[in-house]
Every structure is written in structure tokens, then in C-alpha cells.
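Single-structure report; data block below.
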There are 2 protein chains.
Amino acid sequence: MNIPPQPSGVRFIDDYLVYLLARAAHQVSSEFHEQLRRRGISVAVWRVLSGLLGSEGETVTGLAELCLLQQPTMTKLLDRMARQGLVVRSPDLKDRRVVRVALTEDGQSMADELALAARMHEADVLARHPPAEAEAMKSLLRAILARHDKPRRAG
Amino acid sequence: MNIPPQPSGVRFIDDYLVYLLARAAHQVSSEFHEQLRRRGISVAVWRVLSGLLGSEGETVTGLAELCLLQQPTMTKLLDRMARQGLVVRSPDLKDRRVVRVALTEDGQSMADELALAARMHEADVLARHPPAEAEAMKSLLRAILARHDKPRRAG
DNA sequence: GCGGTTTATATGAAGCCGCACTTATGGCTG
DNA sequence: CAGCCATAAGTGCGGCTTCATATAAACCGC
């Protein structure tokens with residue numbers, strides 16, 4: 001174990017991995033979230049739209065997991081998005097407990113448009129870094145994710 | 001510009017930097033947040049406690065920025081934490097608009113204890129990765145933060 | 001194919017968050 | 001020092017998230 005003592009002169013959080021991750025995520029995404037705000041689209045709605053991009057029918061629980069939300073939150077979010085005509089729910093044919101969620105035409109075009117803006121923002125972000133660093137970023141993050149995928153069961 | 005088209009067979013979000021960051025932050029922190037849950041401490045409270053560690057009197061706005069929250073949210077969070085005896089507010093002597101926030105003795109000991117648990121979790125997280133990768137993580141995140149520090153004014 | 005367990009989604013109550021706004025103080029310029 | 005803008009903190013309200021729970025369907029062993 002051997003936890004080093006708090007380095008003097010450095011704030012705890014400035015050397016705390018979880019905080020650095022949270023802050024980096026926040027700062028980078030806040031730039032794009034500002035664009036969403038201007039268009040009157042909430043972050044949660046954008047997450048659902050992007051999560052449904054290219055997916056033919058996600059489940060409610062699956063979407064919640066994807067969007068880093070609780071399942072009841074997703075149910076209500078989908079209620080609102082369905083009311084706005086962005087998504088449709090349809091029953092799963094094989095398992096009647098399951099609800100499949102898909103984009104409507106409106107939802108699809110909104111998702112496409114936002115995804116384009118998102119890619120442009122991403123390119124802009126990556127352009128601020130030296131190429132080697134930019135390369136390393138995604139693969140490092142993927143490595144973290146791979147090693148932290150929640151132990152499904154009996155981990 | 002030249003935005004590449006959506007690679008076929010790969011979900012949008014699986015190659016989207018902002019999502020990878022958000023997901024990595026979420027997954028890594030959720031492990032520690034589970035510990036907080038068991039102790040009945042909210043994530044927001046922990047953030048404030050850790051933000052005040054080693055700091056002699058943060059401002060409300062400064063704390064909000066540090067904790068990635070809005071200032072009004074911080075005001076109300078501090079109300080609750082003050083009621084619980086974790087922090088104290090005191091007027092700044094030089095600028096009467098400013099309120100300085102500091103840990104109480106209870107708050108300090110809770111912060112110390114949690115920071116220890118956080119360091120242990122961090123060590124555990126880093127241990128799952130090859131040393132070179134673990135090294136790279138923090139410095140890469142710091143590089144991102146350095147290049148994305150919000151343009152204060154006239155950016 | 002019948003109970004018991006597990007999984008998927010929905011619901012209701014309670015609390016937190018964020019926006020817009022208000023109040024109070026400081027700082028700058030003429 | 002008067003007037004004006006900038007900055008700090010607090011407040012009210014509406015909406016979203018969450019926790020705990022309910023309901024329904026599927027799976028599993030016998």
C-alpha cells in the first residue's frame with residue numbers, strides 16, 4: 001500500500017487522478033455544451049441522441065448505462081423526448097419486458113447535425129495539442145475504460 | 001476542417017473524445033463514490049471537503065469553480081454543510097463582498113479520512129495499469145487542462 | 001408447467017441543481 | 001466624489017435526478 005503523505009504546497013485535488021479526469025471531462029465538454037445551450041438542447045438529450053446514432057433500437061437500461069444515468073432518469077427523459085417527437089418506443093418482439101428506443105426522422109436529423117458539430121469541436125480540441133499527445137489521448141482513455149469496465153457479475 | 005464521415009461499424013460515441021473522457025471519469029470515480037454512499041456522504045460534499053483540504057479560506061465562487069458547480073448551487077450546498085457543522089463561513093476582511101469558507105474541526109477530520117481512502121483508491125486504480133501508462137495519465141490530463149483553462153477574458 | 005428468483009421498465013415522493021434575478025460592495029473615470 | 005460598470009454572494013422557482021418501490025414478464029429447476 002504505502003500511501004504517500006500529502007505533498008506540501010500542492011493542493012490535494014491537483015494531484016488526484018479522479019479529479020483531474022472529472023475536470024478535464026468538464027472543461028472539454030463545457031465548450032460543446034455551450035453550443036447546445038445556444039440551440040436550446042439539453043446535455044441529457046444530446047447524450048441520448050448520440051447514443052442512438054447508428055443503433056437500431058437500444059433498450060432503456062442500455063441507454064441509461066450508455067448515457068451514465070440511472071434507469072428511472074432515462075425513462076423520464078425518454079418520456080420528454082418522445083413528447084418532442086425525437087424518439088419512439090416500441091415493444092421488443094422476443095422479450096415483452098423490453099422496450100426498444102429508436103430515433104424518429106426528426107431525431108435522426110437533429111442527431112446528425114449535432115454529431116457533425118461535435119466532430120468539429122473534437123477536431124478543434126485535438127488541434128490544440130501536439131499530434132503525439134492527441135494520438136495518445138483516446139487510446140489511453142480506452143485503456144482506462146477497458147480496465148474499469150464494471151465487473152458484470154462475480155468479479 | 002475536413003471532418004471524416006462516421007466510420008462504419010463503430011458507434012459514434014465509442015470514438016468521441018468527449019464521451020471517452022466523460023465515461024472514464026464516471027467509471028473510475030463511481031468506484032470511490034460507492035464508498036461515499038456506504039458512509040452516507042454525497043459526492044458534492046466530498047468535493048467541497050477535498051477542495052478545502054490545505055486551503056485557508058476559499059471563496060464561494062472559487063469553490064464552485066473548483067467543484068465544477070454553479071455558484072448558487074455552492075451557496076446552498078454550503079448552507080447544508082454549515083448546518084451539519086462541516087464548514088464555517090466568515091467575512092473577508094479586505095473585501096466585504098467576499099465570504100471565506102473553511103473546514104471546521106469535524107470537517108477537517110472527515111476530509112482527512114476521506115482523502116486517505118481516496119488515495120488508496122487511486123493507488124488501486126493506477127496499479128491496474130502498466131507503470132508507463134499510469135505515469136502518462138496524470139501528465140496527459142494536466143496537459144489537457146492547461147490547454148483548456150477557460151480563457152479568462154479577451155480570449 | 002408451477003413457485004421462486006431475476007430482470008426490465010415504470011412510478012411517486014423528495015431533494016438537488018441551475019437559471020434568472022436581487023442586493024451589496026468595490027473600482028474606475030471624469 | 002458622483003456615477004457607472006464589474007464582481008461576490010444569496011434567493012425563488014421550475015425542472016430534473018434519484019431513491020425506493022411497484023408491476024410485469026422471463027428464466028430456472030424440478
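Proteins come first, then strands; the chains are lettered A, B, ... in the order of their sequence lines, and each starts at number 1.
Using a 30° and 60° split on the angle between ring planes, A:His121 and A:Phe32 fall in the parallel class, below 30°.
Whole-Å rounding puts the A:Leu78 CG to D:dT17 P distance at 11 Å. One interatomic measurement links the two molecules: CG of A:Asp79 to P of D:dT17, which rounds to 12 Å at whole-angstrom precision. We find that CG of B:Leu36 is positioned 17 Å from C1' of D:dC19, with the value rounded to whole Å.
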Contacts under 3.5 Å, N or O only, protein and nucleotides 17-20 of chain C:
unit_1: C:dC17; atom_1: OP2; unit_2: B:Arg80; atom_2: NH2; d: 2.9
unit_1: C:dG18; atom_1: OP2; unit_2: B:Thr73; atom_2: OG1; d: 2.7
unit_1: C:dG18; atom_1: O6; unit_2: B:Lys76; atom_2: NZ; d: 2.4
unit_1: C:dC19; atom_1: OP2; unit_2: B:Gln70; atom_2: NE2; d: 3.0

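With sequence neighbours excluded, the residues satisfying ring-ring contact (aromatic ring centres under 6.0 Å, His included) with B:His129 are A:His148.
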Can you give the donor-acceptor pairs under 3.5 Å from side chains of residues 96-104 of chain A to other protein atoms, not counting sequence neighbours?
unit_1: A:Arg97; atom_1: NE; unit_2: A:Asp95; atom_2: OD1; d: 3.1
unit_1: A:Arg97; atom_1: NE; unit_2: A:Asp95; atom_2: OD2; d: 3.4
unit_1: A:Arg97; atom_1: NH2; unit_2: A:Asp95; atom_2: OD2; d: 2.8
unit_1: A:Arg100; atom_1: NE; unit_2: A:Asp92; atom_2: OD2; d: 2.7
unit_1: A:Arg100; atom_1: NH1; unit_2: A:Gly57; atom_2: O; d: 2.9
unit_1: A:Arg100; atom_1: NH2; unit_2: A:Asp92; atom_2: OD2; d: 3.1
unit_1: A:Thr104; atom_1: OG1; unit_2: A:Gly85; atom_2: O; d: 2.6
unit_1: A:Thr104; atom_1: OG1; unit_2: A:Leu86; atom_2: O; d: 3.1
unit_1: A:Thr104; atom_1: OG1; unit_2: A:Asp106; atom_2: N; d: 3.4
unit_1: A:Thr104; atom_1: OG1; unit_2: A:Gly107; atom_2: N; d: 3.0

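Of the N and O atoms on the side chains of A:Gln71 and A:Thr75, at least one donor lies less than 3.5 Å from an acceptor on the other residue.
Rounded to 10 degrees, the angle separating the terminal helix axes of the helix from C:dG1-D:dC30 to C:dG30-D:dC1, each built from five base pairs, is 40°.
Under 4.0 Å is where a charged nitrogen must lie from a carboxylate oxygen, and between B:Arg47 and B:Glu58 no such pair does.
Across residues 86-94 of chain B, B:Arg89 each have a non-hydrogen atom less than 4.0 Å from an atom of DNA chain D (numbered order). Of the residues in residues 50-62 of chain A, those with a non-hydrogen atom less than 4.0 angstrom from any atom of DNA chain C are A:Thr59, A:Val60, A:Thr61.
Between A:Arg96 and D:dA24 there is no side-chain polar atom (N or O) within less than 4.0 angstrom of OP1 or OP2.
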